[in-house]
Amino acid sequence: METMDNQNHHVHSHRLRHGKHKSENVYVYQVDSFVGKNVLNVATTAAVLGQLLFLLANFSISSAIGSDGNSFVLIAHILRACGEGFLLFCLMKGMSSLLYPLKWYFLSAIFFFVLFHFVTSLLMVLKQNELLGDIGVFFYLLSTISYFALGFMLKQKYKDSLAKTGIIMMTYIIITMALSLSGMMGINIYIDLACIALGVYYIITLRDRFDVDDYD
């Protein structure tokens, strides 16, 4: 049988380990990663590039470079699905030994997030614009709701940096959803820049939740 000591989880802050009382491990700064820092950096780079490519789809920029922006959006969806989805999966694995692993919240958020981006990419390749408007919005809402629920639970169940990550996650989702559904994104370059900057900040915050100092 697993003892309470076996459930203790290493945290980076002050190099302390959690005590025997499970309630203590709601204070978490970083979690262990099952992959090396180079893999995490590749995933982070892919997610950040995905965010930046969405900026090129802005009407002002795409018009200036003589493109409709669709090719940039297509690649951006794929990069975000792979990069950000993998970072979320790593965080889920790293939190598996904590008091509140939130496994099903993670699985739901990852599944609908990746599904939304790949379904959108597929419909764009098939040039199914009408289906993209209906099905795309449906999967976007599923992805947004499940992602927001994960952020909310991180904020509710943990303190310190995991709670901060949850707050940033919810803030980013609310702002992007409001601007997307209002049709303001892709039109005003300043709004797009602000959203992209917030998205990049969130991804970097997500990457910083991993303790990989022991990796080469």
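Given the structure is predicted, the values throughout are model-derived calculations rather than measurements. We use all heavy atoms of the structure for the numbers below, so side chains are in, but hydrogens, waters and symmetry mates are not.
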Kindly work out whether a path of hydrophobic side-chain contacts (I/L/V/M/F/W/Y, heavy atoms less than 4.5 Å apart) joins [X] to [Y].
X	Y	result
Phe72	Val125	yes
Met124	Leu53	yes
Ile174	Leu142	yes
Leu122	Ile78	no
Val42	Val35	no

For the student: nearest non-hydrogen atoms of [X] and [Y], plus distance:
X	Y	answer
Ala46	Gly83	CB-CA, 4.2 Å
Ile175	Cys195	CG2-SG, 4.2 Å
Cys90	Phe34	SG-CE2, 3.7 Å
Gly50	Ala76	O-CB, 3.2 Å

Does Ser108 use its side chain to pair, donor to acceptor, with the backbone of Tyr105 at less than 3.5 Å?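 No.
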
Looking at Ser143 and Phe139, would you say the former's side chain and the latter's main chain have a donor-acceptor pair under 3.5 Å? no

Quick one: are [X] and [Y] in side-chain contact, heavy atoms under 4.5 Å?
X	Y	result
Met92	Phe89	yes
Ser33	Asp211	no
Leu162	Leu98	yes
Met153	Tyr158	no
Thr205	Thr165	yes

Heavy atoms of other groups near Tyr140 OH, more than 12 under 6.0 Å: yes

If you apply the rule side-chain contact (heavy atoms from CB on, under 4.5 Å), what do you find for Phe210 with Leu91, and how did you get there? CA-CA 8 Å; Phe210 301 101; Leu91 186 58; 3.9 Å; yes

Aromatic rings [X] and [Y]: how do their planes relate, parallel, tilted or perpendicular, breaks at 30° and 60°?
X	Y	value
Tyr172	Tyr202	parallel
Phe113	Tyr147	perpendicular
Phe152	Phe148	parallel

Intermediate values then yes/no, side-chain contact (heavy atoms from CB on, under 4.5 Å), Leu193 and Leu55: CA-CA 7 Å; Leu193 278 171; Leu55 183 61; 3.6 Å; yes

Can the ring centres of Phe116 and His77 be said to be less than 6.0 Å apart? yes

Rounded distance (nearest 0.5 Å) linking atom [atom1] of [X] with atom [atom2] of [Y]:
X	Y	atom1	atom2	result
Leu154	Ser161	CG	OG	11.5 Å
Cys82	Phe86	SG	CZ	10.5 Å
Thr44	Asp208	OG1	CG	8.5 Å
Arg80	His117	CZ	NE2	4.0 Å
Tyr100	Met95	OH	CE	11.5 Å
Lys37	Arg207	NZ	CZ	8.5 Å

Given the rule in the side-chain contact (heavy atoms from CB on, under 4.5 Å) test, do Leu88 and Leu150 qualify, once you have shown the distances and angles that lead to the verdict? CA-CA 10 Å; Leu88 286 173; Leu150 174 61; 4.3 Å; yes

Stepwise side-chain contact (heavy atoms from CB on, under 4.5 Å) test for Asp134 and Phe138: CA-CA 6 Å; Asp134 297 329; Phe138 174 72; over 6 Å; no

